[in-house]
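Here is the naming used below: chain letters follow the sequence lines, and residue numbers restart at 1 for every chain.
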Number of protein chains: 2
Amino acid sequence: MAKDLNTEQKIKEAARKVFLKKGFAAARTRDIAEEAGINLALLNYYFRSKEKLFRQIMEESLHTFFSSVLPTMSDPNVSLRDKVPFFVNSYTDVLISNPELPVFILSELRNDPDHIVQTLQMNKRLNLSVLFGQIMEAQQKGEMIPLQPWNFLLNLLSLTVFPFIARPLIQRLSDTNDEQFKQLVEERKAMIKAMVMGYVFTEKGKG
Amino acid sequence: MAKDLNTEQKIKEAARKVFLKKGFAAARTRDIAEEAGINLALLNYYFRSKEKLFRQIMEESLHTFFSSVLPTMSDPNVSLRDKVPFFVNSYTDVLISNPELPVFILSELRNDPDHIVQTLQMNKRLNLSVLFGQIMEAQQKGEMIPLQPWNFLLNLLSLTVFPFIARPLIQRLSDTNDEQFKQLVEERKAMIKAMVMGYVFTEKGKG
DNA sequence: GTCTATAAGCTGATAGAC
DNA sequence: GTCTATCAGCTTATAGAC
């Protein structure tokens, strides 16, 4: 810390670090103040309360987590077959850079789902109707096997995100370091694309 | 509450409910006592401290989460091709009955990974060497494509567990009820088996 | 804007009566 | 074993000096 950031930025950066590591309930404002190298009173001066500070961090985290891929996924001019590799490559890279994001978001989702869902929906980028429309269209043309559109999206999300959620378990049980974990998820990129596309697209859809 | 359980059992059942819903840090011993219909002092009388009570709940949760499938997965007499459908069917059913378990375990994994890993390793059922040995053997025989054994296991876990982690998000965004969510994951059973096996097994391996 | 000092309330845990 | 009453410590937030 103590870079050439103004006080507000220092507090926010410290808050992000502490909240992402511990979650809202276990994080203490004292930890954040200390991490930022400022006094506890300043935190309330700038952000009014712990909860208001937390919400700002959460909203920015959601933005990082979703806005890197959602615009393209919602673009009707990008074909379904092009969306799959784009999603897997982009998302894996975002998660390599922000490995704590999934657990942070998904565990706070349990405590205050409404805040997260509302933030997502205000962020207009979330428009699943285009993607789901493409899926149903491909199914009508016989290019894709019948399955619920949500299950298509869930397959992509599951295979890409889950390893980052289980990361502490994986690394300890397999006794591997961060570099080896990165290799593991890099290997997954090609695998996920092949698995998802190989399963859902019919011969006609592949041609 | 207030069934014909003894006091210790009542406290444990209440603790499980509160801890799984809120996590360790956000749960208050007062909540647990109230939920159990007993006085706060009794909680300490039976379990000494909040943390000791929590650890018991976590250890039992890990047992539920893992011991339903691990013995079979570690059984050398069950073939790899039989393990896949067994895993997907059993695990999905366990999760339908205990939908809060994955978020609980995976979010506490962030706070105290050592406790969880140690508990798992003491629980002798966790023996991945058999499964990984079968994978490498199948690869040598040309029945399975080359991939890191962990990625095979991760595919199964991801596709099966992740929907339960993202459940609050899925149900709100798709505006569906619990029954419809159950239908979604039931549809996934056959899909996951087909996807995982279709991808990893070669023609030789399928025959 | 930034600090020190402190208020106000909550939380885990215990003492002691029954 | 179970209760009421209470303590000691911590946590968020604010008052007020500089």
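Following rounding to the nearest Å, A:N6 (CG) and C:dG1 (P) show an atom-to-atom distance of 9 Å. A straight line from CG of B:L43 to C1' of C:dG12 spans 10 Å, rounded to a whole angstrom. Rounding to whole angstrom units, CD of residue B:E8 and C1' of D:dT2 are separated by 15 Å. As a whole-Å value, the separation of A:E34 CD from D:dT11 C1' is 15 Å. Rounded to whole Å, the distance from CD1 on B:I11 to C1' on C:dA13 is 14 Å. With rounding to whole Å, B:I38 atom CD1 is found 11 Å from D:dT4 atom P. Between the C1' atom of D:dT11 and the CZ atom of B:R28 lies a distance of 14 Å, rounded to the nearest Å. Atom pair B:L42:CG and C:dG12:C1' shows a separation of 15 Å (rounding to whole Å applied).
Nearest nucleotide to the A:Y45 side chain, out of D:dT14, D:dC3, C:dG1: C:dG1.
Between the side chain of B:R30 and the base of C:dG12, at least one donor-acceptor pair of N or O atoms lies under 3.5 Å.
At the heavy-atom level, B:A25 lies nowhere under 4.0 Å from the strands shown. At a threshold of 4.0 angstrom between heavy atoms, the contacts of A:L40 include nucleobase atoms, whether or not backbone atoms are also involved. Residue contacts for A:A33: at a heavy-atom cut-off of 4.0 Å it reaches no nucleic acid atom on any strand shown.
Between A:F104 and A:F19, the gap from one ring centroid to the other reaches at least 6.0 Å.
With sequence neighbours excluded, no residue satisfies ring-ring contact (aromatic ring centres under 6.0 Å, His included) with A:F152.
A:T29 has no side-chain polar atom (N or O) that falls below the 4.0 Å cut-off from OP1 or OP2 of D:dT11. Distances shown here put a side-chain N or O of B:T7 below 4.0 Å from the OP1 or OP2 atom of D:dT2. OP1 or OP2 of C:dC3 has not a single side-chain nitrogen or oxygen of A:N39 nearer than 4.0 Å.
Across residues 46-59 of chain B, B:Y46 each have a non-hydrogen atom less than 4.0 Å from an atom of DNA chain D (numbered order).
Counting only heavy atoms from C-beta outward, the side chains of A:L184 and A:P163 never approach each other to under 4.5 Å. Residues B:N151 and A:M191 are in side-chain contact: their nearest non-hydrogen atoms beyond the backbone lie under 4.5 Å apart.
When all heavy atoms of A:V69 and A:F86 are compared, the closest pair comes out as O-CE2, 3.8 Å.
By the 30° and 60° cut-offs, the orientation of the rings of B:F65 relative to B:Y91 is tilted.
Identified under the side chain to side chain donor-acceptor pair (under 3.5 Å) test for residues 155-170 of chain A, with sequence neighbours left out: A:N155-B:R188, A:R167-A:Q171, A:R167-A:D178.
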